[in-house]
Amino acid sequence: MKYLTSLALALAVVSATPVKRADPQGIDVSDYQPDVDWTTVVNNGVSFAYIKATEGTSYISPSFSSQYIGATNAGLIRGGYHFAHPDESSGATQASYFLANGGGWSADGITLPGALDIEYGAECYGLTASEMVTWIESFSNTYEAATGRYPVIYTTTDWWSTCTGNSAAFASNNPLWIASYSSTIGTLPAGWEYTSFWQYADSGPNPGDQDLWNGGLAGLQSMALG
């Protein structure tokens, strides 16, 4: 994917195990944080935000619209994310639901590609590793066909190894957003040489989960532009 090549060149530092840096900082929020003071968030040094839009095919976050508008008005680079339920419907169906309810992307310089949050729930949602890979491919390809961008994949190395058989099928197209609550990231899922986003804590000085972009502000802006 050519935009990933451009992104890699734009990163100030590319590492599979980057240490925490001061910038660019980010957060991800959901309906558990309905009243975010976005001005304070920006004043605290946050540059980007991922905001939960949808879950499965029956849930739209009641806070998404106000959070997305608030982040936009505060000058943040922002995007939406979808919490997957692979046991309920196909990847294509859930991608379409996400796209119809806030998960789209546009080349305006402030919109991050939508993220697929695929992680712990039911034990691999009853799918085999090959079925899970097919499900993720269906979601990813449907999203790319609609937007021209592949979705970011949010996961943990443990879940990915357990539920996809540590598939390397997505590393060439899908940016990685890894969750790892420690001083360094550790081992990444197969195929990815680096992570684009790092969720390093589930609480902190700002609302929601605490994140870092792997690189400088120019790289983050490049990610938004595509």
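Since we're looking at a predicted model, the values are computed, not measured.
The closest side-chain donor-acceptor pair between T93 and S90 falls under 3.5 angstrom. For the 3.5 Å distance criterion, the side chains of S63 and Y32 fail to qualify, holding no donor opposite an acceptor. Between the side chains of S106 and D108, at least one donor N or O sits under 3.5 Å from an acceptor N or O. A donor and an acceptor atom, one from each side chain of Y181 and Q199, are located under 3.5 Å apart. No side-chain donor from either of D211 and Q25 sits under 3.5 Å from a side-chain acceptor of the other. Inspection of the Y59 and N101 side chains reveals no N or O donor paired with an N or O acceptor under 3.5 Å. In the model, S140 has a side-chain atom that pairs as donor or acceptor with a side-chain atom of N174 under 3.5 Å.
Relative orientation of the W198 and Y200 rings is perpendicular, given thresholds of 30° and 60° on the angle between their planes.
Put simply, the residue from Y50, W192, Y194, W213 that forms a ring-ring contact (aromatic ring centres under 6.0 Å, His included) with W177 is Y50.
For F64, the ring pair (Phe, Tyr, Trp, His ring centres under 6.0 Å) partners are Y68, not counting sequence neighbours.
Taking hydrophobic clusters as Ile, Leu, Val, Met, Phe, Trp and Tyr residues chained together by side-chain heavy-atom distances below 4.5 Å, L76 does not share a cluster with L112.
The salt bridge (charged side-chain N to carboxylate O under 4.0 Å, His left out) analysis of residues 49-70, with sequence neighbours excluded, yields the pairs K52-E55.
Through side-chain heavy atoms spaced under 4.5 Å, either directly or across other Ile, Leu, Val, Met, Phe, Trp or Tyr residues, I69 is tied to no other residue.
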Derivation of the side chain to side chain donor-acceptor pair (under 3.5 Å) call for S96 and Y143:
CA-CA 7 Å; S96 295; Y143 191 90; over 6 Å; no

Going through the distances and angles, do D158 and Y120 end up as a side chain to side chain donor-acceptor pair (under 3.5 Å)?
CA-CA 10 Å; D158 176 70; Y120 304 103; 2.8 Å; yes

List the steps, then state whether side chain to side chain donor-acceptor pair (under 3.5 Å) holds for Q94 with H82.
CA-CA 8 Å; Q94 292 194 31; H82 173 81; 2.9 Å; yes

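Closest of all the heavy-atom pairs between R78 and T111 is NH1-OG1, 2.7 Å.
Inter-residue side-chain proximity for I51 and S30 is flagged as unmet; no heavy-atom pair is nearer than 4.5 Å.
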